[in-house]
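What follows is one structure encoded as structure tokens, with my remarks underneath.
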There are 2 protein chains.
Amino acid sequence: MRLSDAIEQFIKTMMVEDAHQIELKRNELAEYFRCAPSQINYVLATRFTPEHGYVIESRRGGGGYIRIFRIEHDNSRQLLYTLNERIGDTIDEHAATNLIEQLYEREIATRSEALLMQSAISHQALSLPLPAEMKGALRAKILKSMLMQIACKNHQSTEEANHALR
Amino acid sequence: MRLSDAIEQFIKTMMVEDAHQIELKRNELAEYFRCAPSQINYVLATRFTPEHGYVIESRRGGGGYIRIFRIEHDNSRQLLYTLNERIGDTIDEHAATNLIEQLYEREIATRSEALLMQSAISHQALSLPLPAEMKGALRAKILKSMLMQIACKNHQSTEEANHALR
DNA sequence: GGATGTTAGACCATCTTTGACCAATGACAT
DNA sequence: ATGTCATTGGTCAAAGATGGTCTAACATCC
């Protein structure tokens with residue numbers, strides 16, 4: 001079996017047991033699999049992306065860590081469809097607005113969250129001299145990032161939220 | 001847990017009890033945590049700056065002390081305004097994170113809003129091939145746009161509250 | 001054999017902790 | 001008043017502890 005697949009399985013097994021969130025040490029994991037630490041990054045970059053339904057958060061320095069959050073299974077299918085099919089690599093403001101509207105109507109996002117997302121991807125927020133394709137790509141990334149946050153937020157404790165904010 | 005985080009928590013706990021202003025002895029605190037006195041300075045320098053909403057005053061020599069004040073704001077609108085001013089045309093992720101954390105700690109933004117803003121301006125959300133200056137400018141615009149939204153929302157609820165009182 | 005996916009490693013960025021050395025203050029002796 | 005010195009806090013740089021990025025070499029799959 002490929003190393004990357006083994007690491008992927010290992011992490012996913014950890015997540016099954018332990019709710020929707022795990023914390024790991026890059027060097028320890030690399031040590032365990034006797035591979036280069038950057039191998040861990042490779043696995044995360046190719047198999048634990050927002051498109052796969054995961055959010056990653058990390059910190060360097062003493063006491064550093066890598067945390068992986070997984071979205072809840074209930075909404076995950078719907079959300080992943082939204083992320084991959086409806087947003088994709090780019091999205092214009094109009095489509096994004098419609099999408100946000102829908103999420104609000106379906107009570108996946110609160111009114112407050114919907115308004116905040118809207119303001120983050122509005123033309124005003126992205127009013128810089130950039131090619132339209134770049135703006136579309138940016139909007140897609142930002143929107144995906146925020147949607148994953150909403151999907152994961154219920155798993156994070158307040159304490160962890162503080163960390164996430166640092 | 002990291003020593004610095006423990007010290008930070010310790011101080012913040014003191015502040016809550018003690019009306020947003022405390023006095024401490026550097027050496028005593030260092031003794032308590034069994035660390036180098038300069039560790040205290042490190043914590044203050046990285047977590048209790050004006051950017052975090054704190055001001056520090058100290059004196060050396062016999063009877064020396066360190067006083068920490070939490071900056072008060074008349075109301076949330078003022079703070080939002082101040083922060084908006086502080087952002088300027090560009091802001092890096094670290095500074096933005098500090099701002100958002102401050103809003104959360106002062107209950108101007110909810111946890112959900114804080115996390116959402118954080119994810120919108122995170123480096124992951126802006127991970128496209130753009131020069132760093134452009135990313136900083138984008139982050140500033142996005143953040144301001146979101147802060148405006150929150151200011152708006154808060155203002156509306158204030159209006160509603162006023163209305164209800166009439 | 002070319003496109004795509006893996007792996008390792010060199011080099012980088014960030015955060016924390018400690019310690020040597022510096023500066024200010026106040027008590028006290030002269 | 002002035003000098004001395006113990007008492008405190010401040011600065012800065014080095015070392016340590018992590019994780020990130022980039023790229024070349026290698027492997028695998030059509």
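Lettering of chains follows the sequences in order, A, B, ..., and the numbering in each one begins at 1.
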Residue B/A36, side-chain atoms from C-beta onward, closest of C/dT16, C/dT7, C/dG19: C/dG19

Do nucleotides 5-18 of chain D as a string where each nucleotide becomes B, S or -: B if the base has a protein heavy atom under 4.0 Å, S if just the sugar-phosphate does, - if no protein is that close. --BBBBB-----BB

Go through the steps to decide whether B/K141 and A/L126 satisfy the test side-chain contact (heavy atoms from CB on, under 4.5 Å), and finish with yes or no. CA-CA 7 Å; B/K141 287 228 170 206; A/L126 305 182; over 6 Å; no

After noting the C-alpha distance and the side-chain angles of B/T46 and B/E8, does the key distance pass the side-chain contact (heavy atoms from CB on, under 4.5 Å) rule? CA-CA 10 Å; B/T46 54; B/E8 175 189 2; over 6 Å; no

Is the shortest side-chain N/O distance from B/S4 to OP1 or OP2 of C/dT17 below 4.0 Å? yes

Same cluster or not: are A/M15 and A/L24 linked, directly or through other Ile, Leu, Val, Met, Phe, Trp or Tyr residues, by side-chain heavy atoms under 4.5 angstrom apart? yes

Test salt bridge (charged side-chain N to carboxylate O under 4.0 Å, His left out) applied to B/R67 - qualifying residues, sequence neighbours left out: B/E23, B/E57

Base, sugar-phosphate alone, or nothing: which one does B/I40 contact when heavy atoms must sit under 4.0 Å apart? nothing

Hey, is the side chain of B/Y42 poking within less than 4.0 Å of OP1 or OP2 on C/dT16, counting only N and O atoms? yes

B/E57 has an atom CD; how far is it from atom P of C/dT25, in whole Å? 12 Å

When you check the side-chain N and O atoms of B/T90 and B/E133, is any donor under 3.5 Å from an acceptor? no

Would you mind classifying the nucleic acid contact of B/R34 as base, sugar-phosphate or nothing, using non-hydrogen atoms under 4.0 angstrom? nothing

What is the distance, to the nearest angstrom, from the CD atom on B/Q39 to the C1' atom on C/dC15? 11 Å

Ring of A/Y32, cation from A/K25 - is the NZ or CZ under 6.0 Å from the centre and inside 45° of the axis? no

Taking CG from B/D5 and C1' from C/dT17, how many angstroms apart are they, rounded to a whole number? 13 Å

Starting at CZ of A/R2 and ending at C1' of D/dC26, how long is that distance when rounded to a whole Å? 14 Å

Rounded to whole Å, how long is the line connecting atom CD of B/Q124 with atom C1' of D/dT21? 14 Å

Smallest separation among heavy atoms of A/F48 and A/Y54, with atom names: O-CB, 3.4 Å

Atom pair distance, as rounded to whole Å: CD in A/E31 and C1' in D/dG19: 16 Å

B/M1 atom CE is separated from C/dC15 atom C1', nearest whole Å, by 15 Å

